[in-house]
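So the structure is just underneath, and the comments pick up after that.
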Amino acid sequence: MNEAAPTTTAKPRAAAEATPQTEAVTLSDAAQTSTQLLSSAHQSDGMDHAEVARIRSALATGNYNVAPEDLAQAMVTVLKATSK
């Protein structure tokens, strides 16, 4: 009996294996805006320099007025934040 030697056939590579895969992510407008805001916040020193200049000028000229209710609310907010 003559047995035939087993033959192996190479399977053709799938197209996905032959070419490198790349992936892309597309962010929604909201995600892009959030990313930009977050980046700006990280780069910021946390101060609105234009607002600080406006308040300094108003203080220097005696034109800075704070409503008592606003001052009271700010004090309550600070006291709550520091008492934790």
Side-chain angles (χ1 to χ4, degrees):
M1 221 177 182
N2 240 350
E3 288 187 29
T7 59
T8 58
T9 57
K11 294 181 182 177
R13 281 188 168 192
E17 293 175 7
T19 58
Q21 294 285 321
T22 59
E23 294 183 13
V25 175
T26 303
L27 298 177
S28 67
D29 288 342
Q32 290 177 11
T33 300
S34 295
T35 301
Q36 290 170 347
L37 289 173
L38 186 59
S39 176
S40 294
H42 283 292
Q43 294 172 2
S44 172
D45 62 4
M47 291 181 52
D48 182 347
H49 294 284
E51 183 67 9
V52 171
R54 186 190 68 74
I55 292 170
R56 281 186 179 158
S57 176
L59 284 169
T61 60
N63 295 324
Y64 186 73
N65 296 314
V66 177
E69 297 83 15
D70 293 342
L71 179 59
Q73 183 59 50
M75 291 171 66
V76 168
T77 301
V78 168
L79 289 173
K80 283 182 180 179
T82 57
S83 68
K84 290 182 181 181

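Here, residue 1 is the first one in the sequence, and each next residue gets the next number.
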Exam field: side chain [X] to backbone [Y], donor-acceptor pair closer than 3.5 Å:
| X | Y | answer |
| --- | --- | --- |
| Ser57 | Ala53 | no |
| Ser44 | Ser40 | no |
| Thr33 | Asp29 | yes |

From [X] [atom1] over to [Y] [atom2], what is the distance, rounded to the nearest 0.5 angstrom?
| X | Y | atom1 | atom2 | answer |
| --- | --- | --- | --- | --- |
| Asp48 | Ile55 | CG | CD1 | 8.5 Å |
| Arg54 | Leu59 | CZ | CG | 9.5 Å |
| Thr26 | Gln32 | OG1 | CD | 8.5 Å |

Taking all non-hydrogen atoms of both residues into account, name the closest pair between [X] and [Y] and its distance.
| X | Y | answer |
| --- | --- | --- |
| Ala31 | Leu27 | CB-CB, 4.0 Å |
| His49 | Asp45 | NE2-OD2, 2.8 Å |
| Val52 | Met47 | CG2-CE, 3.8 Å |

Path from Val76 to Leu71 over hydrophobic side-chain contacts below 4.5 Å: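 Hydrophobic grouping puts Val76 apart from Leu71.
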